[in-house]
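Down below is the structure, laid out as structure tokens.
To find a chain, count down the sequence lines: A is the first, B the second, and so on, and within it residues start at 1. No hydrogens, no waters, no symmetry mates; every other heavy atom, side chains included, goes into these values.
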Amino acid sequence: DSGVTQTPKHLITATGQRVTLRCSPRSGDLSVYWYQQSLDQGLQFLIQYYNGEERAKGNILERFSAQQFPDLHSELNLSSLELGDSALYFCASSVLEGHGYTFGSGTRLTVV
Amino acid sequence: SQQGEEDPQALSIQEGENATMNCSYKTSINNLQWYRQNSGRGLVHLILIRSNEREKHSGRLRVTLDTSKKSSSLLITASRAADTASYFCATLPNSGYSTLTFGKGTMLLVSP
């Protein structure tokens, strides 16, 4: 157990639907990062939050949004899902920016 | 977009042999990190090397960094079957707020 908790582990949904992925960072870590991993694109950075504030944005689609709550857990919302959104979504946390990241076990999203 | 590119894409060795993976990157970095990912699982942080360091050791792992060539190598000595995994390098750019950019990884297979 890495200390970063992601739920759910697996999600199967239909095109056009909306889903919410949840992440609880390791205790004490203020930064939360979301990454998407697919076979063709590899690991793509989506978005980072630091202590509740959006810090950096990567290749995140407009259909996707995220937030970090006062208790530091974060949610990634994916809407108008397409087949191509099928991927592993990872959350990671770190105590300081630039330090090693601790990854959760991921949410495997399958869009059918 | 990928900052780091690992080489080779796949590596197959016997237990007891050494495994060497290389990573090249494009821009100036603050640090470079190596991660391991077992199939479908979360990434695990292995080692971090700063831009002013040339070599770092951790157990059976040895990492080198050559900033003039923008390259790094990860050596795993006396490989074990349990080392079978994908290995990723990740770079932290040397500019403002930034996040890790991952390469596409090297798949290592260690046969008993």
Just verifying a value: how many Å separate A/Ser2 OG and B/His45 NE2, rounded to the nearest 0.5 Å?
13.5 Å
Heavy-atom cut-off 4.5 Å, strictly under: side chain, backbone, both or neither for A/Tyr101 against chain B?
both
Working to the nearest 0.5 angstrom, can you tell me the gap between A/Phe90 CZ and B/Gln37 CD?
4.5 Å
Given a strict heavy-atom distance threshold of 4.5 Å, which part of B/Leu43 is in contact with chain A: side chain, backbone, both, or neither?
both
CZ (B/Arg80) with more than 12 external heavy atoms under 6.0 Å
no
For A/Tyr50, which atoms come within 4.5 Å of any heavy atom of chain B: side chain, backbone, both, or neither?
neither
Counting heavy atoms not belonging to B/Arg60, are there more than 12 under 6.0 Å from its CZ?
yes
Can you say whether B/Leu100 sits under 4.5 Å from chain A via the side chain, the backbone, both, or neither, judging by heavy atoms?
both
Are A/Leu81 and A/Leu88 joined in one hydrophobic group, where the rule is that I, L, V, M, F, W and Y side chains link up if heavy atoms are under 4.5 Å apart?
no
Of the backbone (N, CA, C, O) and the side chain (C-beta and beyond), which part of A/Gln37 lies under 4.5 Å from a heavy atom of chain B, both, or neither?
side chain
Determine, using the 4.5 Å side-chain heavy-atom cutoff (strictly less than), whether B/Leu74 and B/Leu109 are members of one ILVMFWY cluster.
no
Kindly state whether the ring of B/Phe102 and the ring of A/Phe45 have centres lying under 6.0 angstrom apart.
no
Flag yes if more than 12 heavy atoms outside B/Arg41 fall under 6.0 Å of its CZ atom; otherwise flag no.
no
Do B/Trp34 and B/Tyr25 belong to the same hydrophobic cluster, where Ile, Leu, Val, Met, Phe, Trp and Tyr are linked whenever their side-chain heavy atoms lie under 4.5 Å apart, directly or via other members?
yes
Output the distance between atom NZ (B/Lys104) and atom CG (A/Asp40), rounded to the nearest 0.5 Å.
6.5 Å
Side chain from CB out, backbone as N, CA, C, O: work out which of these in B/Asn30 comes under 4.5 Å of a heavy atom of chain A, or both, or neither.
neither
Drop me the distance from A/Tyr33's OH to B/Thr99's OG1, to the nearest 0.5 angstrom.
7.5 Å
Check this for me: B/Glu15, atom CD, are more than 12 non-hydrogen atoms of other residues, nucleotides or ligands nearer than 6.0 Å?
yes
